[in-house]
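Since the structure comes first, as structure tokens, the remarks are kept for the end.
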Amino acid sequence: MVQGRGGRLAEKAGRIKLNGRLVRRSPLSDVLELEVMRLGVEGKASLWRSLRTVANTDPRLDGAAVDRLLDRARRQADVLEELRVRAARNAFAPTAEARAATGTGTVGTGTAVTHG
């Protein structure tokens, strides 16, 4: 029982990052999670491509179904990439104070513009 509590405490302590955000999530967490999801989808797409190479000669495989799965994986990868890029812009963007000091701001989609 003591070991169980110690394990849970160690797990929680391991989650603490020196990113100045002990209470809130770091924007970098979103980037990392989206990258991991994208890797998973890419792995899945690789499997579908492998199965597609033998679908024409193996009666156990439905080539049309494999094509649909591959198409879905491509669409998922595209969406995840768009979200990852957006999260990266947010995570690595200068702070509002830095933008104000340099005379830049954001408009609409996060594109920086120079005032002057």
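Please read all numbers here as calculations on a predicted model, not as lab measurements.
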Please list, chain by chain and in numerical order, all residues satisfying salt bridge (Lys or Arg N to Asp or Glu O under 4.0 Å) with D78, sequence neighbours excluded. none
Mind checking the CG-CG spacing from L51 to D62? Nearest 0.5 Å is all I need. 11.5 Å
To the nearest 0.5 angstrom, please state how far the CD atom of E82 sits from the CG atom of L34. 11.0 Å
Could you report the tightest heavy-atom contact between L28 and A91, atom names first, then the distance? N-CB, 4.0 Å
Could you tell me which non-hydrogen atom of L80 sits nearest to which non-hydrogen atom of V41, and how far apart they are? CD1-CG2, 3.7 Å
Show the numbers, then the answer: is there a side-chain contact (heavy atoms from CB on, under 4.5 Å) between V31 and E35? CA-CA 6 Å; V31 176; E35 287 177 351; 3.6 Å; yes
Do the side chains of L47 and V54 join up, straight or via other hydrophobic residues, at under 4.5 Å, putting them in one cluster? yes
Joint cluster assignment, F92 & L83, ILVMFWY side-chain distance < 4.5 Å: no
Main-chain N/O of S46 paired to S50 side chain as donor or acceptor, under 3.5 Å: yes
Atom pairs and distances, donor-acceptor, side-chain atoms in residues 69-77, under 3.5 Å, two or more places apart:
unit_1: D71; atom_1: OD2; unit_2: R75; atom_2: NH1; d: 2.4
unit_1: Q76; atom_1: OE1; unit_2: K44; atom_2: NZ; d: 2.8

Checking E81 now: which residues fulfil side chain to side chain donor-acceptor pair (under 3.5 Å) with it, not counting sequence neighbours? R38, R84
